[in-house]
Amino acid sequence: MIRAMSTQSSSPALTADDHLILVDGSTFIFRAYHALPPLTRKPDGLPVGAVSGFCNMLWKLLQEGLTPEEGDEPTHFAVIFDHSAQTFRNEIYPEYKAHRPEPPEDLVPQFGLIREATRAFSVHCIEQAGFEADDLIATYARQAAEQGAQVTIVSGDKDLMQLIGPKVGMIDTMKNKIFGETEVFEKFGVGPDKVIEVQSLAGDSVDNVPGVPGIGLKTAALLINEFGDLETLLSQADTIKQKKRRENLIEFADQARVSKELVTLKQDVPVETPVGNLSVTDMDGPKAVGFLKAMGFNTLTKRVAETTGADIANVEASEFEVPGWDVPDHKGRMAERVETSSGAATSDGTPGVEGMMVPQTVADARAESVKAIAIDSSAYETVTSVDRLKEWCEAAFEKGYVAFDTETTSLNAMQADLVGLSLSTEPGKACYVPLAHVDGEGDLLGGGGLLPDQIPLQDALDVLKPMLEDASVLKIAQNLKYDWLVMTRYGVDIGPFDDTMLLSYTVDAGKGGNGMDELSDRWLDHKPIPFKEVCGSGKSMITFDKVAIDKATAYAAEDADVTLRLWMVLKPRLVSDRMATVYETLERPMVPVLARMEKRGISVDRQMLSRLSGDFAQGMAAQESEIYELAGETFNIGSPKQLGDILFGKMGLPGGKKTKTGAWSTSAQVLEDLAAEGHELPSKIVAWRQLSKLKSTYSDALPGYINPETKRVHTSYALASTTTGRLSSSEPNLQNIPVRTEAGRKIRQAFVSEAGHKLVSADYSQIELRVLAHIADIPQLKKAFEDGLDIHAMTASEMFGTPIEGMDPMVRRQAKAINFGIIYGISAFGLANQLGISRGEAGDYIKTYFERFPGIKDYMEATKKKVHADGFVSTIFGRKAHYPEVNTKNPNMRAFYERAAINAPIQGSAADILRRAMVRMEDRLNSAKLDAQMLLQVHDELIFEVPDAQVDETIPVIKDVMENACDPALTLSIPLQVDARAADNWDDAH
DNA sequence: ACGGCCACTTA
DNA sequence: GTAAGTGGCCGTC
């Protein structure tokens with residue numbers, strides 16, 4: 001039942017019985033935009049997230065009023081908007097709000113829609129040229145209060161707090177917070193009547209109100225409480241004891257006066273609509289329903305229809321134009337059109353000449369506006385007081401987002417100590433908070449004492465932690481996994497967040513690197529200060545804590561500034577390129593998952609590795625003496641050049657392949673061919689090299705990665721380093737631990753579980769071939785997987801007509817090589833090499849294969865066609881892999897990119913599936929009350945550490961998550977199969 | 001000290 | 001034939 005709304009005739013005067021509600025539309029729009037997940041209208045991708053938030057808020061307000069109590073229903077109601085950026089304040093102070101970036105591109109079309117929404121709900125929609133919404137609110141509030149009516153301002157904007165009084169209240173419906181004198185006092189340290197005095201001293205970084213340097217909210221309140229008001233303070237400034245404060249108050253007195261004008265809301269705007277005309281009117285049900293229907297807000301449409309009695313079926317969705325939004329289905333593809341215009345996209349991802357002729361992409365437009373504000377690394381603030389740090393956090397809360405970066409003593413996050421951190425809330429405005437800088441000069445004299453003017457670490461963390469963990473502030477970082485790992489060691493659990501590296505990777509994988517310096521150059525035409533310019537490089541490199549604080553500020557704050565700008569440029573591309581789901585399901589949630597895996601690490605048996613190194617050395621020594629004897633001299637076996645001279649020069653053996661540089665190749669393949677001809681030396685070289693590799697890369701190197709504190713090895717996973725969506729692992733790479741040879745498996749045996757635990761390895765069986773069967777839709781392959789057959793034997797049987805039972809292993813081996821070849825984008829050349837057959841024979845095999853499985857050929861041709869036309873290919877979950885140079889004229893390169901493009905959807909889809917499993921795994925284990933810990937990922941395998949007693953219970957859960965990882969987004973036409981085993985070491989579990 | 005090349009390891 | 005990372009050698013700076 002709709003609340004009684006009097007349609008009283010507009011009267012110029014209000015009475016004590018009246019209640020005026022003034023909704024601050026502008027700040028609400030921004031809050032709704034940032035607080036709510038992005039939402040787009042179904043048919044055309046029109047962004048409507050903020051509109052939805054606004055409508056829900058307005059409806060709730062109209063339905064329920066401000067509080068559950070009766071009697072405060074409004075008699076007058078209006079939503080007030082800002083009209084334009086330029087106001088009388090810019091005449092007083094041109095820099096006012098100058099640092100404010102352009103609104104996000106996907107918010108722009110929503111401004112008009114929200115005004116439409118207001119009118120659709122039959123609510124007065126007020127705006128006036130030359131005045132901010134705040135001034136209109138101030139004027140209406142004063143007029144209504146003077147006439148004795150009650151006024152409630154709906155806003156979270158602190159600038160409106162100066163209006164609070166006996167008749168004027170303020171409420172923040174989004175945070176469900178009522179602002180009274182107490183809250184004002186908490187915020188400003190003074191009552192509402194003195195708020196402007198305090199603001200004019202403290203200034204406002206968000207609106208770029210200058211204030212007086214060195215005076216923050218705390219000091220300002222102190223001074224105003226002592227002197228009463230700004231003018232009294234300024235006239236008696238010479239009596240202030242603190243030298244710097246006194247000087248600043250005298251020097252910047254006029255700046256304070258200008259600030260006061262800026263923050264004082266104008267209460268005498270010649271309003272075009274008199275306050276008496278703002279009376280509440282009955283809602284026009286069909287009108288509201290028509291609008292909501294057009295927006296596609298099904299739930300709210302239904303609710304409003306029920307309440308107003310409008311008949312949904314009989315109401316047409318209203319029609320209106322959205323400036324800046326083209327014909328449906330056009331806009332969403334603009335970004336791709338830039339790419340598809342042949343030759344338009346250059347390798348660095350920027351549109352070429354033709355790109356200028358099509359509508360600019362959202363990101364391009366945003367890049368232009370972000371670039372317009374200069375990057376000046378000398379203009380950043382060094383935060384040295386807790387008060388200033390609090391103000392920066394306040395700014396982050398105000399904005400709802402903040403760019404964030406840590407500076408540490410090491411590139412290795414697991415052993416990096418925090419040195420400082422930087423924040424940025426708007427382009428051009430960033431700060432650095434030094435925390436642990438030491439004297440860099442005196443290290444020879446045993447110096448290294450903590451430098452002065454740094455906030456004690458714990459004090460800073462106490463201020464930062466609530467903000468970094470608050471759900472209403474989006475933390476923006478470049479490669480957040482690093483900062484997450486650092487901060488977690490200081491007890492801070494960062495969230496929610498965006499990662500600019502992952503944003504770039506999501507939309508541009510394959511177009512180039514995703515490092516900050518490269519992205520900055522690509523999108524902002526700006527080269528940030530290189531790290532080596534601050535810390536040096538190589539042997540003379542210093543740790544960041546030894547860097548002078550002013551230099552550190554320039555470098556670190558610039559990183560935060562650049563990160564924020566990159567976010568502003570890249571985030572809209574999720575919408576324009578329709579990649580939001582990929583980012584939100586396959587990229588962003590991987591950050592905490594991988595961070596926890598890295599943090600856990602895995603245990604390796606140091607003594608076992610040490611023994612192995614000894615064994616390998618012995619084996620190598622035995623080979624060495626025989627090699628020298630056969631060669632007739634000693635030489636460096638590890639030098640391909642010297643080895644080539646011996647083999648192909650001195651000994652006169654026939655050379656096989658040549659390397660890229662023209663030298664005779666000494667690859668294992670060549671040496672094995674020579675061995676097959678009866679030569680003794682080459683096979684010994686091969687054996688020596690294998691031992692040498694095992695020793696240097698694994699048994700010698702791995703112990704050096706054991707973290708002294710945790711006694712475990714912590715690899716680092718790169719989320720954004722492959723074109724296909726696979727992860728990579730480094731320092732150490734735990735994705736290439738030997739498994740093929742007996743000697744190699746000894747290394748794997750050194751990866752062990754803790755006492756009382758087992759290692760569980762769970763791997764997908766033939767996941768890439770299964771994905772291929774699904775994508776290319778091959779009936780025989782799908783049937784074979786459904787029936788659980790030996791896929792390679794089935795392939796051989798299909799190709800050569802031999803029965804599966806009693807099949808020659810060599811025939812199966814050939815079919816297996818062909819299956820793998822298909823995944824790799826097969827060529828006769830490659831297959832011939834792999835199988836040691838002629839190019840002609842290999843070509844015949846491929847021909848036969850294509851005849852038996854014509855769908856494979858179709859898939860390959862379609863993929864090649866697509867990559868040439870679009871410059872990218874996609875996985876089954878929509879991840880893109882770009883090949884910007886696929887149209888090169890060099891036939892070899894062209895074929896190479898084509899093979900890569902054929903492989904990418906297969907490899908990438910498998911990678912997506914495992915990512916989905918990983919994102920869900922921890923929750924599923926937790927809710928099953930299992931203590932299994934996910935430790936490693938190796939492309940088709942996950943390794944867990946599981947308490948002995950829980951192994952049997954855990955394995956089915958792991959298998960279930962992995963085998964059903966595609967649900968509910970997608971149903972594969974083949975089953976996924978996971979094999980899992982438990983053992984005390986990785987080799988036995990595998 | 002750095003980077004390219006070659007070799008070897010994995011999925 | 002796809003996708004990665006690391007270590008030793010060796011020429012260049």
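In what follows, chains are A, B, ... by sequence order, proteins preceding strands, each numbered from 1. We use all heavy atoms of the structure for the numbers below, so side chains are in, but hydrogens, waters and symmetry mates are not.
Between the CD atom of A:Gln690 and the P atom of B:dC6 there is a distance of 20 Å, given to the nearest Å. Rounding to whole angstrom units, OH of residue A:Tyr698 and P of B:dT10 are separated by 7 Å. A straight line from CH2 of A:Trp664 to P of B:dC6 spans 14 Å, rounded to a whole angstrom. Straight-line distance from the CG atom of A:Leu772 to the C1' atom of C:dA3: 16 Å, rounded to whole Å.
Proximity of A:Gln642 to the phosphate of C:dC10: a side-chain N or O atom is located under 4.0 Å from OP1 or OP2. Contact check, A:Ser692 against C:dG8: no side-chain N or O comes under 4.0 Å of OP1 or OP2. A:Thr697 has no side-chain polar atom (N or O) that falls below the 4.0 Å cut-off from OP1 or OP2 of C:dG7. Side-chain nitrogen and oxygen atoms of A:Arg899 include at least one within less than 4.0 Å of the OP1 or OP2 phosphate oxygen of C:dT2.
The pair A:Lys857-A:Glu861 meets the salt-bridge criterion, with a side-chain N (NZ, NE, NH1 or NH2) lying under 4.0 Å from an Asp/Glu carboxylate O. Between A:Glu633 and A:Lys650 there is a salt bridge, with a side-chain nitrogen of the basic residue lying less than 4.0 Å from a carboxylate oxygen of the acidic one.
Among residues two or more places apart in sequence or in another chain, the ring-ring contact (aromatic ring centres under 6.0 Å, His included) test is passed with A:Tyr849 by A:Phe853.
A:Ala743 comes within contact range of no nucleotide atom at all, as no heavy-atom separation falls under 4.0 Å. Using a 4.0 Å heavy-atom cutoff across all strands shown, A:Asn636 reaches sugar-phosphate atoms only and no base atom. Among the heavy atoms of the strands, none lies under 4.0 Å from A:Ile823. A:Ala668 comes within 4.0 angstrom of sugar-phosphate atoms only, judged by non-hydrogen atoms across all strands, and of no base.
Taking the six-membered ring for Trp and the full ring otherwise, A:Phe896 and A:Tyr883 have centroids separated by 6.0 Å or more.
Taking 3.5 Å as the limit, the base of C:dT2 and the side chain of A:Gln907 contain a donor-acceptor pair of atoms between them.
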